[in-house]
Amino acid sequence: MCLALPAKVLAIYELTDMAIVALGGVRKEVSLALVDDVQVDDFVLIHVGYALNKVSEEEAERTLRLFAEAGLTAGEPA
Amino acid sequence: MKYIEEFRQHDLAQQLSAAIRKAVKPDRSYHLMEFCGGHTHAIFRYGVQDLMPPNVKFVHGPGCPVCVLPIGRIDNAIALVERHDVILCTYGDVLRVPASGRRSLLKVKAAGADIRMVYSVRDALRIAQENPDRQVVFFAIGFETTTPPTAVAIRQAQAEGLGNFSVFCNHVLTPAAIQNILESPEVREMGSVSIDGFFGPSHVSSIIGSRPYEFFAEEFQKPVVIAGFEPLDVMQSALMLIRQLNEGRYEVENEYTRVVTREGNTKAQSLVAEVFELRRVFEWRGLGLVPYSALRLKEAYAALDAEKRFDTPAIAASDVKGCECPSILRGVKRPVDCKLFGTVCTPENPMGSCMVSSEGACAAYWSYGRFRRPETASRESVA
């Protein structure tokens with residue numbers, strides 16, 4: 001029930017506080033009532049028709065680097 | 001899809017697996033509880049347990065809102081439809097949960113009741129707008145992730161004067177449940193459940209932030225790592241927990257920084273606080289009566305509260321005989337310890353809620369079939 005998917009914002013309708021997002025190849029209308037300062041091209045986390053949060057590109061890259069670094073330490077002698 | 005595929009990469013998984021094998025101390029074990037059903041499913045779907053050394057074990061927690069809902073609440077919902085002729089709207093997971101007398105909302109729907117599966121509470125609002133002469137009840141269920149959308153809908157219904165819409169609220173709170181598990185006799189005294197550390201929820205934490213877990217880490221001296229729901233997130237978080245345990249630390253760390261901050265989504269938090277208040281006590285399947293663990297509508301929104309609009313007496317109902325859901329939800333038993341598992345109880349014909357929900361531990365065991373080859377749990381071939 002807590003599953004949520006990252007989706008790209010394609011268009012924002014300020015009057016209704018709604019947005020069109022792309023989930024892979026699927027387009028969906030979602031509410032922006034729970035988030036502030038969303039821009040077109042941002043990624044937001046979608047859950048039951050609402051954007052819950054923005055996804056930080058910077059932090060995503062940092063986490064991926066941490067995975068790779070953990071892998072490097074595995075190769076070092078104990 | 002962006003932010004999904006990168007976190008499922010095979011080569012990185014192998015590297016993380018090697019790093020974990022190197023980090024663990026051979027003379028101890030690591031029992032890590034994943035609170036969320038989302039983590040349980042990632043572990044089984046991607047075979048994360050097989051990538052762990054034998055002394056790292058996952059203990060499955062109660063983080064599945066459908067699984068912990070007591071049967072009496074489903075009986076209440078059935079009564080709403082049958083006695084008050086309402087249109088009942090709810091999320092798909094709830095429909096197949098067994099109620100008393102071998103019934104379920106799906107069976108009641110098949111018998112002619114107007115029960116509708118919705119993707120969003122917004123769909124329930126629309127149904128109420130389209131059926132002004134019918135009462136429409138939204139069966140609200142879920143943890144802190146799902147509560148803010150319900151709060152938005154309640155405010156919208158109030159603002160629009162949508163008099164035929166109401167909410168049957170079953171929203172529950174994660175921190176109260178974690179505390180209940182840590183204080184349970186099985187963990188504290190009997191030692192029948194061993195928990196060394198916690199994977200913190202992904203999307204619950206996107207709303208409430210990482211701060212609420214700081215109390216547990218300190219009070220119970222157990223490390224918590226907020227983990228994303230993708231397999232690499234789970235593996236990296238396991239490594240972070242193992243490092244904390246090796247170093248004798250018990251802190252709240254955050255692996256899922258691309259979404260979770262310490263403060264969380266404050267806009268969503270204030271919307272929830274405006275609409276909902278704590279119930280003094282609420283029943284959870286498996287955990288029993290947990291104080292201050294659920295929400296109800298505040299007095300200002302009482303007109304939209306289905307429990308006030310209709311008669312919804314507390315119904316004491318018992319689980320199907322032999323169903324081990326309650327013990328499985330506490331991490332005391334595993335699905336394979338249940339006599340009903342895979343015999344009479346399957347996802348097609350579920351006896352207990354843990355087999356129904358796509359987040360339930362029994363459904364995870366059954367769907368990915370890993371229980372059929374128990375030798376893999378201790379397999380050492382991957383590194």
Side-chain angles (χ1 to χ4, degrees), chain A residues 1-10 16-19 21-38 41-78, chain B residues 1-4 6-7 9 11-12 14-23 36-38 63-66 91 93 119-123 141-146 148-149 152 156 201-204 206-207 228-229 232-233 235-236 239 255-260 264-265 267-268 271 357-359:
Chain A
M1 185 147 297
C2 286
L3 295 183
L5 290 170
K8 189 177 184 177
V9 178
L10 300 179
T16 52
D17 213 9
M18 302 289 285
V21 300
L23 272 162
V26 179
R27 284 174 187 222
K28 242 189 129 39
E29 195 181 25
V30 300
S31 166
L32 297 179
L34 297 170
V35 284
D36 284 324
D37 308 321
V38 172
D41 289 340
D42 280 350
F43 274 78
V44 286
L45 202 61
I46 303 300
H47 176 68
V48 299
Y50 289 77
L52 291 187
N53 258 308
K54 284 200 273 189
V55 181
S56 160
E57 181 157 19
E58 231 170 79
E59 289 294 333
E61 280 167 11
R62 210 173 65 86
T63 304
L64 286 168
R65 279 202 301 277
L66 283 179
F67 297 164
E69 281 164 24
L72 289 180
T73 61
E76 290 165 10
Chain B
M1 276 158 61
K2 192 168 161 74
Y3 299 123
I4 294 184
E6 305 98 296
F7 294 89
Q9 293 176 70
D11 52 338
L12 283 179
Q14 294 296 336
Q15 289 173 27
L16 278 170
S17 174
I20 290 166
R21 280 162 200 278
K22 194 171 171 215
C36 291
C64 158
V66 172
Y91 298 127
D93 269 11
Y119 160 69
S120 170
V121 61
R122 284 193 288 120
D123 300 332
I141 182 167
F143 288 113
E144 290 88 337
T145 322
T146 318
V152 173
Q156 193 182 334
S202 308
H203 296 140
V204 161
S206 80
I207 301 294
F229 275 147
L232 296 187
D233 290 318
M235 295 182 73
Q236 172 73 11
L239 181 59
E255 184 276 340
Y256 196 38
T257 52
R258 61 190 182 278
V259 170
V260 176
N265 181 338
K267 187 179 185 184
L271 277 166
S357 171
S358 55
E359 291 170 308

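Here the structure is a predicted model, which means the values were calculated and not measured. Hydrogens, waters and symmetry mates are skipped; everything else that's a heavy atom, side chains included, is used. Lettering follows sequence order; numbering is per chain, from 1.
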Contact class of A:Glu57 relative to chain B, heavy atoms under 4.5 angstrom | both
Are the ring centres of B:Phe143 and B:His203 closer than 6.0 Å?
-> no
For chain B, the option from A:Val30, A:Asp36, A:Leu66 that forms the most heavy-atom pairs under 4.5 Å = A:Asp36
Does any N or O in the side chain of A:Asp42 come within less than 3.5 Å of the main-chain N or O of A:Lys54, such that one atom is a donor and the other an acceptor?
-> no
NZ or CZ of B:Arg258 within 45° of B:Phe7 ring axis and under 6.0 Å = yes
Looking at B:Asn265, B:Leu239, B:Val121, B:Asp123, which one has more heavy-atom pairs under 4.5 Å with chain A than the rest?
-> B:Asn265
Contacts of A:Leu5 that satisfy side-chain contact (heavy atoms from CB on, under 4.5 Å) - sequence neighbours left out = A:Leu23, B:Ile4
Between B:Gln15, B:Gln156, B:Glu255, B:Glu359, which shows the greatest number of heavy-atom pairs under 4.5 Å with chain A?
-> B:Glu359
Go through the atoms of A:Phe67 and report whether side chain, backbone, both or neither lie under 4.5 Å from a heavy atom of chain B.
-> both
Proximal component of B:Asp233, with respect to chain A [non-hydrogen, under 4.5 Å] | both
Can you say whether B:Val260 sits under 4.5 Å from chain A via the side chain, the backbone, both, or neither, judging by heavy atoms?
-> neither
May I ask you to name which of B:Pro149, B:Gly38, B:Ser357, B:Ala19 has the most heavy-atom pairs under 4.5 Å with chain A?
-> B:Pro149
Has the side chain of B:Lys267 got a donor or acceptor atom that lies under 3.5 Å from a matching backbone atom of A:Ala33?
-> yes
B:Tyr119 side chain to A:Gly49 main-chain N or O, any donor-acceptor pair under 3.5 Å?
-> yes
Measuring heavy-atom distances to chain A, does B:Ile20 have an atom under 4.5 Å in its side chain, in its backbone, in both, or in neither?
-> neither
Turns out that what part of B:Pro65 lies under 4.5 Å from chain A's heavy atoms comes down to side chain
Between B:Ser120 (side chain) and A:Val48 (backbone), is there a donor-acceptor pair under 3.5 Å?
-> yes
Under 4.5 Å from a heavy atom of chain B, the part of A:Leu34 involved | both
By side-chain contact (heavy atoms from CB on, under 4.5 Å), B:Gln9 pairs with (sequence neighbours left out) A:Leu64, B:Glu6, B:Asp11, B:Leu12, B:Leu232
